[in-house]
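For reference, the structure discussed in these notes is given below.
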Amino acid sequence: MQIYRSREVGQSYITSVWTTLVALAHALWLMLRIRPQVILCNGPGTCIPLCMIAFLLKVLGIGWSSIFYVESIARVRRLSLSGLILYKLRVADKFFVQWPQLQRKYPRADYVGCLM
């Protein structure tokens with residue numbers, strides 16, 4: 001199944017408002033259709049709509065998905081935009097980083113070493 005991105009690389013923030021709304025609507029449709037028990041994501045623009053819808057459904061008491069986020073191994077000093085959003089909003093049930101310095105900077109993250 002295709003998962004819509006909230007924002008393409010290089011897309012302006014102004015036009016990304018529309019694409020994010022479309023992606024959220026599509027994510028809601030997917031979540032209600034598939035009803036996944038686990039969402040495992042690693043940071044591209046596709047993960048934010050799915051995670052936000054899953055989180056919203058949980059807050060409303062009708063959710064069923066656990067959200068696990070794994071930050072890219074390429075992120076050594078700071079989180080990606082997707083990772084930062086999910087971390088700051090406390091959306092993910094488990095938040096994994098692959099570098100110890102990231103875990104020290106973001107203490108709610110779990111350091112798991114290299115997953116490759």
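Numbering starts at 1 and runs along the sequence shown.
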Are Leu56 and Leu89 connected, step by step, through hydrophobic side chains (Ile, Leu, Val, Met, Phe, Trp, Tyr) whose heavy atoms are closer than 4.5 Å? yes

Side chain to side chain contact (heavy atoms under 4.5 Å, CB included) with Val97: which of Val112, Val76, Leu79? Leu79

Quick one: which residue pairs count as a ring pair (Phe, Tyr, Trp, His ring centres under 6.0 Å) with a foot in residues 54-83, not counting sequence neighbours? Tyr69-Phe95

Ile14 atom CD1: more than 12 heavy-atom contacts under 6.0 Å: no

Output the distance between atom CD1 (Ile48) and atom CD1 (Ile85), rounded to the nearest 0.5 Å. 4.5 Å

Considering residues at least two apart in sequence or located in another chain, which fulfil the side-chain hydrogen bond (donor to acceptor under 3.5 Å, both in side chains) criterion with Ser16? none

With a 4.5 Å cut-off on side-chain heavy-atom distances among I, L, V, M, F, W and Y, is there a chain of contacts connecting Ile53 to Tyr4? no

Of all heavy-atom pairs between Glu71 and Arg75, which one has the smallest distance, and what is that distance? OE1-CG, 3.6 Å

Among all residues two or more places apart in sequence or in another chain, which pass the side-chain hydrogen bond (donor to acceptor under 3.5 Å, both in side chains) test with Lys105? none

Please report the shortest heavy-atom distance between Lys58 and Asp93, naming the atom on each side. NZ-OD2, 2.7 Å

Begin with the C-alpha distance, continue with both residues' side-chain angles, and end with the deciding distance and a verdict on side-chain contact (heavy atoms from CB on, under 4.5 Å) for Val70 and Lys94. CA-CA 9 Å; Val70 180; Lys94 284 300 224 175; over 6 Å; no

Got a donor-acceptor contact below 3.5 angstrom from the Trp99 side chain to the Ile73 backbone? yes

Any salt bridge (Lys or Arg N to Asp or Glu O under 4.0 Å) involving residues 60-70? Give me the pairs, sequence neighbours left out, ordered by first then second residue. none

Which atoms form the tightest heavy-atom contact between Pro49 and Leu24, and what is the distance? CA-CD2, 3.7 Å

Evaluate Met31 against Ile39 for side-chain contact (heavy atoms from CB on, under 4.5 Å), listing each step before the verdict. CA-CA 10 Å; Met31 291 295 295; Ile39 297 172; 3.9 Å; yes

Tell me whether Ser66 contacts the main-chain N or O of Val38 through its side chain, where contact means a donor paired with an acceptor under 3.5 Å. no

Contact summary for Val91 and Met52, nearest pair of heavy atoms: CG2-SD, 3.7 Å

Counting N and O atoms only, with roles assigned by atom type, does the side chain of Arg108 sit under 3.5 Å from a partner on the main chain of Tyr87, one being a donor and the other an acceptor? yes

Give a yes or no answer on whether the side chain of Gln98 reaches the backbone of Tyr111 with a donor-acceptor pair at less than 3.5 Å. no

By the side chain to side chain donor-acceptor pair (under 3.5 Å) test, which pairs, at least two apart or in different chains, include something from residues 22-39? none

Donor-acceptor list for residues 40-47 side chains, cut-off 3.5 Å, not counting sequence neighbours:
none

